[in-house]
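Shown next, in structure tokens, is the structure this report addresses.
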Amino acid sequence: MATESGFRISVDSALRHGRLIRYERTDNDSLLRVMSGIPADQVLAEALEELEQAAQQRQWLPPVAPGPKTYISSVYLGASSGRQEFRTGTFLVPDVPVGIEPIHLSPSPERSALTLDFDTLRIAAKEIDAAGTHGFSLYDVLDGFAAGLRTSSHSAASSLDLRAGPLNLLVAPTGSGKSIFMRVAASSLAREGNSVLLVTPGVEDTLALAEQIEGDLRAVGSEAEVVALMSPRRLIEVAEQRANDATEVSGDPRRTWDRLGYSCLLPVIDGPPWEPGQEPCTNLRVPDEEQRYRCPLISVCEKWRPWRRAAESAKVIVTNHAYFQSGSVPVPVTLNGRPRPRITVQEFLLQRADVVMIDEIDAFQAQAVENSGRTLVLARRDSEDLLLGKLDRQRREQVFAGTVPAELELDFQRIMKRLDYIPERYLAAVVHKFIDPADPIRSRHRPRLHIPRRWDNLLACRLCGLDERTERPTDAQLDSFESLFHQREPKMPLPEGWGVLREELRAAVSMQPSGDQLADRRDAIRNHLVQLEVQEVEQTAELMLRRVFLGEIHRDLASLEQRLPLMRDAGMRLADEVEATLDRGSSWQATPEGPIGRTVFGFATTGDPDRTDDRTLTTEIISGDPHVYTAELGRTTAAALTGAPRIVLALSATAYLPESPTLHVHAPVRWYYPDHTDHGTGKVTIRSSAVTGLGGTGIVFSGAPKHRKPELMNQLGFFLWQQTLEDHLDRLHNHADTQRRSRARVLLVVNSYNQGVQLARGLIRAGAARSRVCLAVPAASEGRRDQLELPSDVHVLPANRLKDFPNTGADVLISPFARVARGLNIVVENKSALDSIWVCVRPIKLIDRPAALVAHTGAKALLGRDASDQPAAELAERHELSASHLELINRANPAFSRLPRIVRVAVFADVFGDLNQLIGRARRGGTDTTLYLVDNAFNPDGSAPGSSFHALFTHLYHSWERLGEIDTVRQIYGTTLDAFVRFALPTTRNR
């Protein structure tokens with residue numbers, strides 16, 4: 001599924017490491033053939049066996065010998081004292097039976113279809129209502145949802161006929177009853193004996209849903225087991241966080257401790273006390289031996305009870321997006337009679353599930369997008385610590401502690417010192433413009449992301465005297481060119497005059513004093529190029545200097561990646577974090593090389609080019625195909641991991657959103673719930689509420705200089721209260737309609753906690769009573785609450801407890817956009833407690849992050865494309881579309897208003913989806929709401945031409961028309977779409 005060049009690079013790499021020995025090159029360099037004498041079926045059988053063994057990742061760990069006996073293990077001590085380190089603990093293993101395997105995974109049988117009948121679900125909802133104490137009618141909500149649901153042919157749906165394989169996509173607006181439907185369906189299916197997997201956006205959602213379903217099942221007398229799974233390292237942390245952040249209406253913390261609490265059963269003989277999450281379950285060692293052993297108590301340990309139940313007896317398993325996609329079960333598992341030392345969570349859970357339901361499938365895809373784009377900071381001009389620098393400190397600490405094997409100590413030292421020295425040296429060369437080559441394509445803007453081998457063909461042509469526009473260097477010429485940059489001496493003689501060129505290039509990245517004079521090295525390279533009669537001498541010299549630096553860093557990172565498991569075994573905990581950043585795809589994907597057909601491993605220098613103290617060098621990795629992964633989860637991924645497709649039902653309000661690179665799921669909509677007031681979704685109004693500042697013009701916050709933003713946000717809060725908000729709340733509190741009076745609360749949305757603090761100060765300065773203001777603050781696990789200078793006497797709520805806002809007595813809630821856009825239900829008696837939402841800052845969607853590049857390039861390859869009977873040609877076309885789009889973005893001015901229109905519209909499509917989700921916070925139970933746009937950057941007079949809300953929505957609307965999607969968009973987003981049209985595009989409302 002890769003491009004030819006990507007495949008050849010992968011094969012060459014494998015051959016250099018002694019793999020794929022059953023194949024050999026042919027005279028045609030683009031082909032490989034099976035070596036003679038080996039039957040094809042034998043080759044395939046052995047290859048499959050090798051793949052199976054490789055997938056197991058680590059060898060099977062034996063249990064400890066019968067005790068009692070002492071073992072040691074490295075124990076990580078966190079940062080509570082300001083220091084992070086490993087220390088060795090000594091544990092006593094008691095005399096217990098060790099013959100029982102810890103976890104036996106019982107796969108569910110293959111199932112091709114399943115029907116969710118709404119009448120059956122209605123009966124289940126009535127039974128739960130009759131026995132439960134949840135405070136509202138599940139039946140009424142479910143009945144309204146079922147009555148309003150439509151098939152893709154626009155007819156009423158009496159049931160959901162779920163198929164294994166293709167994604168079963170259901171789109172319904174927030175507040176229509178999706179969550180209640182999932183809850184009742186899971187309970188009903190579990191009572192019928194089915195194994196149900198529910199995947200929710202976050203940990204809090206996971207725990208809340210598990211508690212609800214468990215309560216529903218117990219209320220009707222069912223003993224079906226319900227388990228919630230999350231990272232095993234975080235169980236105690238999450239329990240403490242929930243207990244610390246609990247309020248009077250948040251539930252009894254004891255239930256959380258019953259579900260998540262445990263203690264390590266191994267007695268500590270010596271060393272630090274028990275550190276939750278750092279138990280030596282698979283890391284016990286005999287002193288002076290390298291062999292690791294697993295704890296014999298895993299089969300009875302409370303920590304692993306949820307996984308044991310999930311593997312065998314649980315009928316409802318609930319987990320979160322991130323853990324499903326990236327997590328692993330780090331203790332041995334037996335599957336189909338075969339031992340597995342480590343298994344990914346997605347394989348573990350797909351094996352168990354008869355049916356999978358994913359809530360917020362577009363957020364699930366967005367999580368996969370984030371996993372596919374990663375950044376590692378290599379050097380920076382300020383004094384902030386680097387991840388690699390912290391890892392090097394851990395290396396020195398472990399050398400001191402004696403946990404680093406003698407034969408590896410110098411090896412670790414060398415690679416860490418090189419990754420400190422070479423990147424910082426390159427960044428200095430860029431800052432001082434020793435390396436600043438003109439772009440060979442001569443675009444107006446230099447590319448942001450540099451690929452080490454991007455210009456190899458062009459440079460080889462120039463050195464070999466070829467026409468770079470019409471000729472291509474031979475493989476032998478390319479080999480000679482590449483040898484200029486290698487550390488090892490060339491195997492074949494270099495062309496005349498190239499030897500001195502290689503010496504200068506190698507000197508630039510050496511630790512010799514002569515290498516410090518980079519300007520001299522650059523001038524010497526120029527002189528040698530003149531003697532070789534090379535064209536574009538200055539540009540060529542600097543391109544070659546950049547090539548030698550970035551190639552060197554790339555090789556060093558690859559070398560580090562190979563050593564990270566050994567560093568982790570030697571007690572360097574941060575090796576895991578570095579490995580996760582450099583990993584090009586830890587979970588299984590059908591298209592691991594991504595939509596471009598190859599992994600993009602590049603380098604970027606960011607910051608203000610006019611300030612020498614504001615520059616940063618990063619490596620950025622783009623790999624995987626999150627769009628295909630999401631759409632093909634039940635078909636390709638499930639079949640590859642379990643041997644059979646699985647039934648996957650995916651739900652969201654914004655999963656169908658053509659042009660959105662992050663949110664649009666590329667699968668057909670099978671069912672939808674029309675967003676129309678006659679279906680009970682509530683009316684939506686969108687208005688500008690820009691406030692006038694000191695200069696008599698609207699306050700533009702987004703795009704303002706960074707140093708002015710605190711003051712501007714304070715001003716925005718001050719004038720918003722004086723000009724609009726105080727009167728608005730007074731009208732609500734005195735409204736003739738009792739329902740409106742009961743919802744006399746507003747949500748003010750910003751982009752960060754610090755912005756929220758400044759906005760609150762502005763409101764208070766304008767006269768708002770402190771008791772009326774409630775600030776969202778980081779949850780305990782985020783650990784940033786102490787950094788906020790909170791106004792005194794205002795209400796504060798942890799971000800994971802914002803649903804308790806109505807109980808504070810305040811009527812103004814201020815929260816960052818990311819904490820309230822999804823999954824938050826602020827309700828009173830199952831209706832929204834919020835009257836309106838005020839967007840005080842235009843939402844941020846940065847285009848220069850690796851994850852954003854993954855989203856845009858992947859979506860471009862799929863937009864408007866259909867299945868083809870010429871798959872190779874179709875793949876090649878998609879690879880080309882994706883690669884061209886990456887080049888377009890990489891060479892564009894990163895300022896939003898300067899981006900190509902096609903990119904700006906795609907960015908806005910994501911913002912449109914986010915605003916749609918945000919509106920849903922005030923539509924629970926069918927309530928009407930208004931979205932106020934406060935930042936004048938939304939308006940034409942506060943933004944650059946073509947970048948206002950009105951202009952971007954116009955382009956997006958016309959794009960839907962051009963793609964032939966406008967009718968479906970209208971069917972799904974009717975009421976909300978009409979509100980946007982009335983605000984931004986009034987002449988198009990009835991088109």
Side-chain angles (χ1 to χ4, degrees), residues 167 169 199-202 320-327 346 358-376 449 580-602 618 620-633 636-637 648 650 652-667 817-818 821-823 843-863 878 881-883 885-886 889-890 903 905-914 916-917:
L167 197 69
L169 182 58
V199 189
T200 68
N320 61 80
H321 293 171
Y323 187 56
F324 177 85
Q325 292 181 19
S326 304
Q346 65 176 348
I358 304 178
D359 191 22
E360 304 285 7
I361 185 65
D362 49 347
F364 179 91
Q365 179 172 275
Q367 177 69 47
V369 166
E370 286 295 322
N371 294 342
S372 298
R374 296 171 298 285
T375 299
L376 178 66
L449 193 65
T581 304
L582 294 176
D583 187 13
R584 306 187 189 193
S586 55
S587 59
W588 191 93
Q589 288 199 30
T591 52
E593 299 295 343
I596 300 177
R598 57 182 169 82
T599 295
V600 176
F601 198 114
T618 60
E620 302 186 356
I621 303 169
I622 301 172
S623 64
D625 197 337
H627 302 90
V628 171
Y629 166 73
T630 302
E632 291 290 318
L633 180 65
T636 311
T637 302
V648 179
S652 179
T654 49
Y656 173 80
L657 195 55
E659 286 283 10
S660 169
T662 307
L663 304 178
H664 181 65
V665 176
H666 294 265
F817 195 103
R822 288 178 181 271
I844 293 175
K845 290 288 179 181
L846 299 176
I847 190 61
D848 56 357
R849 297 170 54 246
L853 296 176
V854 170
H856 283 258
T857 55
K860 183 64 176 179
L862 296 173
L863 184 64
R878 294 184 184 188
L881 283 170
S882 192
H885 202 58
L886 175 63
I889 296 172
N890 193 36
V903 180
V905 171
V907 171
F908 178 77
D910 273 352
V911 172
F912 175 84
D914 288 344
N916 200 310
Q917 286 279 353

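Throughout, numbering of the chain's residues begins at 1 and tracks the sequence. Note that the coordinates shown come from a computational prediction; the quantities given were computed from them, not determined experimentally.
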request  = Please name all residues satisfying side-chain hydrogen bond (donor to acceptor under 3.5 Å, both in side chains) with D362, sequence neighbours left out, ordered by chain then number.
outcome  = S652, T654, R822
message = Among residues at least two apart in sequence or on other chains, which ones pass side chain to side chain contact (heavy atoms under 4.5 Å, CB included) with E632?
response = V628, R635, T636
request  = Evaluate the side chain to side chain contact (heavy atoms under 4.5 Å, CB included) criterion for residues L663 and D914: first the C-alpha distance (whole Å), next the side-chain angles of each, then the deciding distance (0.1 Å), finally the verdict.
outcome  = CA-CA 9 Å; L663 304 178; D914 288 344; 4.0 Å; yes
Non-hydrogen atoms of P201 and E360 that approach each other most closely = CG-CG, 3.6 Å
query = Any side-chain heavy atom of Q325 within less than 4.5 Å of one from Y629?
reply = yes
note = Hits for side-chain hydrogen bond (donor to acceptor under 3.5 Å, both in side chains) against N320, two or more places apart or cross-chain, chain-then-number order -> none
key: Q367 side chain near P626 side chain, heavy-atom distance below 4.5 Å   = no
ask   = Are V600 and L449 close enough, and set up right, to give a side chain to side chain contact (heavy atoms under 4.5 Å, CB included), and what steps lead you there?
value = CA-CA 10 Å; V600 176; L449 193 65; 4.1 Å; yes
message = If the condition is side-chain hydrogen bond (donor to acceptor under 3.5 Å, both in side chains), which residues does T630 pass it with, not counting sequence neighbours?
response = none
ask   = Closest heavy-atom contact between A851 and V369?
value = O-CG1, 3.1 Å
query = side chain to side chain contact (heavy atoms under 4.5 Å, CB included) with V199: which residues, sequence neighbours excluded?
reply = L197, T319, H321, F324, V356, I358, F364
inquiry  = I'd like to check the ring pair (Phe, Tyr, Trp, His ring centres under 6.0 Å) partners of H664; sequence neighbours left out, ordered by chain and number.
reply    = Y656, H666
ask   = Rounded to the nearest 0.5 Å, how far does OH of Y323 lie from OG1 of T200?
value = 13.5 Å
remark   = Tightest non-hydrogen contact, residues I622 and P850, listed as CG1-O, 4.2 Å
remark   = Note: H856 and I889 closest approach over all heavy atoms is CB-CD1, 3.8 Å
request  = Could you go through the side chain to side chain contact (heavy atoms under 4.5 Å, CB included) check for T375 and R849 one step at a time?
outcome  = CA-CA 8 Å; T375 299; R849 297 170 54 246; over 6 Å; no
task = Might you point out which heavy atoms bring A368 and S372 nearest each other, and give the distance in Å?
result = O-OG, 2.9 Å
ask   = Does A366 have any side chain to side chain contact (heavy atoms under 4.5 Å, CB included) partners at least two apart in sequence or in another chain, and if so, which?
value = T662
key: Approximate separation, where rounding is to 0.5 Å, of I621 CD1 and L376 CG   = 7.5 Å
request  = Would you name the heavy atoms of N371 and S326 that are closest together and state the gap between them?
outcome  = ND2-OG, 3.1 Å
task = For S882, check side chain to side chain contact (heavy atoms under 4.5 Å, CB included) against everything at least two apart and list the hits.
result = P595, I596, T857, A861
message = I'd like to check the side-chain hydrogen bond (donor to acceptor under 3.5 Å, both in side chains) partners of E620; sequence neighbours left out, ordered by chain and number.
response = R448, T618
ask   = When rounded to the nearest 0.5 angstrom, what distance separates CZ in R374 from OG1 in T581?
value = 8.0 Å
message = Please determine whether side chain to side chain contact (heavy atoms under 4.5 Å, CB included) holds for the pair H627 and Q365, giving the CA-CA distance in whole Å, both sets of side-chain angles, and the decisive distance to 0.1 Å.
response = CA-CA 7 Å; H627 302 90; Q365 179 172 275; 3.6 Å; yes
request  = Not counting sequence neighbours, which residues clear salt bridge (charged side-chain N to carboxylate O under 4.0 Å, His left out) with D910? List them please.
outcome  = none
query = With no hydrogens and no angle check, is any side-chain donor or acceptor of H885 less than 3.5 Å from a backbone partner on V903?
reply = no
